[in-house]
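Atoms considered below: every heavy atom in the structure, side chains included; atoms not considered: hydrogens, waters and symmetry mates.
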Number of protein chains: 2
Amino acid sequence: MKMTIKEIAKLAGVSQATVSKIINNYEDVGAKTKKRVLEIMEEHGYRPSYSAQSLAKKVTKVIGVIYAGKINANFNHPFFVDVVSSFKKTMGAEGYDLLFFSNEKFHKADENYLARCQHYNVDGCIIIGGDQVEPSVYDLDQSDIPCIGVDIQLEGKTSGYIMTDNEKVSSLAVEHFYLMDQREIGFIGGKADSLVSEQRLDGFKKIMKTYGLSINENWIKFGDFFEDSGYQVMREMLMENEIPKALFAASDLMAMGAIKAIKDSGKSVHDFSIIGCDDITASRHIDPPLTTVKQDKEKIGKMAAYILNDLINKNLQHTAVKIEPELIVRESCGTAKKV
Amino acid sequence: MKMTIKEIAKLAGVSQATVSKIINNYEDVGAKTKKRVLEIMEEHGYRPSYSAQSLAKKVTKVIGVIYAGKINANFNHPFFVDVVSSFKKTMGAEGYDLLFFSNEKFHKADENYLARCQHYNVDGCIIIGGDQVEPSVYDLDQSDIPCIGVDIQLEGKTSGYIMTDNEKVSSLAVEHFYLMDQREIGFIGGKADSLVSEQRLDGFKKIMKTYGLSINENWIKFGDFFEDSGYQVMREMLMENEIPKALFAASDLMAMGAIKAIKDSGKSVHDFSIIGCDDITASRHIDPPLTTVKQDKEKIGKMAAYILNDLINKNLQHTAVKIEPELIVRESCGTAKKV
DNA sequence: ATAATTAACGAAAACGGTTTCGTAAAAAGT
DNA sequence: ACTTTTTACGAAACCGTTTTCGTTAATTAT
């Protein structure tokens with residue numbers, strides 16, 4: 001049942017070469033021959049084998065997708081889900097399918113990402129930022145395989161990266177607090193060793209200084225971008241003597257966790273001002289509707305695809321792009337003081 | 001730089017065959033030879049080519065992932081995100097990577113799913129239920145490629161499927177309404193032509209009859225499982241003369257949309273009883289915390305992986321499995337009447 | 001009518017591996 | 001010491017394509 005090019009050729013009374021040329025749209029094949037062969041192919045449901053093709057040509061039309069960091073990390077984080085969804089859509093339109101690598105710790109130790117990219121001969125890959133830069137990711141970055149990093153800084157000649165302007169993210173949040181007359185501001189970061197966390201913290205400190213606000217180091221804590229960590233961290237803060245009145249959380253999920261911690265502690269959320277980050281779908285529905293710094297997930301995914309495409313087609317050198325964040329005001333910072 | 005088996009063989013002073021045997025753990029190769037070759041491979045960072053390997057062997061260790069239905073449908077629906085995440089984790093542990101097919105409408109018309117599965121020579125595939133059964137999915141189902149369907153009924157000899165017991169889902173919801181003294185019950189389904197919607201509606205009607213509750217056909221509407229559709233549908237209902245006091249929505253997202261519609265209409269959500277379905281992360285945080293029928297996403301993903309594995313290893317014939325749903329009571333059906 | 005082009009096709013090498021089967025050397029049995 | 005078995009390895013065919021280059025037949029130019 002599984003037809004090969006050889007059998008099609010025999011059936012059509014032509015050579016393999018001719019069939020192959022028809023598959024690949026060569027010019028030098030007669031119109032009637034072409035028609036006949038095409039019909040036979042259709043009739044037998046013939047499809048060229050990917051393996052054979054990508055062995056012979058050097059192109060695969062497959063993009064590797066890598067979640068850096070711990071096992072399965074971020075695959076189901078709402079922010080990355082939306083980014084990857086947008087990326088997938090855009091790359092799909094270019095004819096690419098996406099190969100999601102299982103975390104390497106599941107594989108034999110020696111099968112790192114570079115090895116697997118070479119193994120599958122992917123045309124390029126996207127690396128989703130993780131906790132820190134693993135050696136395995138570094139090797140891939142340094143290779144000649146086109147890579148686009150999201151929330152992770154890639155430096156290879158055939159790499160690029162994209163992320164939201166994270167310092168601006170913090171500025172937007174703190175500025176809003178300031179406008180709402182909040183001065184006792186805490187910061188809940190994501191994974192302490194992630195680039196994103198670092199940049200947001202930097203931005204946070206800078207803008208606090210700019211506004212002449214004092215920074216309380218006890219009010220700076222780190223989670224892992226997911227909800228539970230926000231809950232834990234807030235819980236700790238709540239047990240201290242001094243409690244910040246305003247909180248900027250580096251993800252909506254952590255903000256949600258923090259809010260839950262506040263509620264569970266018996267205090268009223270309305271006595272706190274809270275700003276999240278990402279603007280995930282749920283944010284507008286929670287209680288209170290969450291004021292947040294929006295990241296343009298759609299755009300990030302799309303741009304990542306464009307850049308990767310250019311990298312693959314060698315229209316581009318190494319590039320880094322920053323996307324503008326946007327403040328979305330809802331009700332978690334009080335409505336009373338709204339102008 | 002790109003090493004081939006031939007070069008490794010030359011470097012080691014052995015034949016290709018021997019190197020290949022080492023790669024594939026054949027017994028008939030001497031210990032010292034093996035060691036030497038292994039070292040050379042390591043030293044040169046040699047990795048066998050996937051294309052060449054899967055051309056020669058017949059196994060790829062790749063699973064195809066297909067979202068049936070419209071472009072990009074369901075890729076970012078929280079329910080499926082969690083299911084696929086769990087599936088990915090489990091398959092990853094078995095050494096599989098996942099190939100996500102871009103929607104075929106992006107590809108040339110003739111490249112349907114079966115064609116691409118054959119093209120890539122995947123070991124098996126998972127099909128995520130969509131609006132309806134497309135011809136392309138049917139062909140794949142009927143082929144000899146192992147397939148596991150989630151929320152979609154696959155009937156091929158090498159296929160299986162898994163979904164929550166959807167009639168039970170509706171029973172759980174309606175029973176709860178009944179206990180809470182709600183009699184005027186509406187139903188918001190997902191995509192009207194999806195199997196899941198059908199089953200839930202059937203279950204809904206049955207249980208309503210069982211309890212002797214009258215069914216108002218105007219209170220039965222369909223969305224598409226996403227939030228906006230819940231909003232729209234609820235908006236319509238709100239404009240009618242008779243408005244149901246209790247609503248079962250076939251997804252939490254639609255429930256969230258419905259709640260928003262109620263709020264936007266100026267009415268109080270607390271005058272309504274609402275039950276969702278899925279139990280996504282956000283559900284416990286929204287206002288009011290959503291009572292919902294939980295689907296065990298983790299389990300569904302894991303079981304899907306187990307079944308697919310068995311299908312691939314031919315330990316299994318066609319199988320269908322149903323997963324038990326569970327009612328999670330929170331506050332969207334009033335707390336006053338709680339026992 | 002003849003030479004020069006062009007069109008249409010095929011032979012065969014290459015892509016990078018796997019696997020069967022045969023064989024020489026080493027080990028074991030007698 | 002000689003046969004038998006086992007061990008370690010290699011030659012070569014094969015997996016299903018692509019692609020280069022040469023060749024013949026058909027056109028066109030002269």
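As judged by a 4.0 angstrom heavy-atom cut-off over every strand, Tyr50(B) is placed among residues making no nucleic acid contact. Residue Val19(B) is out of contact with every strand shown, counting any heavy-atom pair closer than 4.0 Å.
One distance of note links SG of Cys147(B) with CD1 of Ile152(B); it measures 10.0 Å at 0.5 Å rounding.
Comparing dG17(C), dG10(C), dC9(C) by their nearest atom to the side chain of Thr33(A) picks out dC9(C). Of the candidate nucleotides dC9(C), dT18(D), dG17(C), dG17(C) has the atom lying nearest to any side-chain atom of Ala52(B). Checking dT18(D), dG10(C), dC9(C) against every side-chain atom of Ile5(A), the shortest atom distance belongs to dT18(D).
Terminal axes of the helix from dA1(C)-dT30(D) to dT30(C)-dA1(D) (five pairs each, C1' rotation axis) are separated by 30°, to the nearest 10°.
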Shorter than 3.5 Å, N or O on both sides, protein versus nucleotides 19-24 of chain C: list them out with atom names.
| residue | atom | partner | partner atom | Å |
| --- | --- | --- | --- | --- |
| dT19(C) | OP2 | Tyr26(B) | OH | 2.8 |

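Applying the 4.0 Å criterion to OP1 and OP2 of dG10(D), one finds that Ser15(B) has a side-chain N or O inside that range.
For Phe100(B) and Phe100(A), the ring centers sit closer than 6.0 Å to each other.
In this structure, Leu311(B) and Thr158(B) approach most closely via the heavy-atom pair CG-O, 3.6 Å. For the pair Ile22(B) and Thr33(B), the tightest heavy-atom approach, listed with the atom from each and the gap, is CD1-O, 4.4 Å.
Thr60(A) meets the side-chain contact (heavy atoms from CB on, under 4.5 Å) test with Tyr50(A), Ser54(A), Val62(A), Asn121(A), Asp123(A); sequence neighbours excluded.
For NZ of Lys61(B), the number of neighbouring non-hydrogen atoms (other residues, nucleotides, ligands) closer than 6.0 Å is greater than 12.
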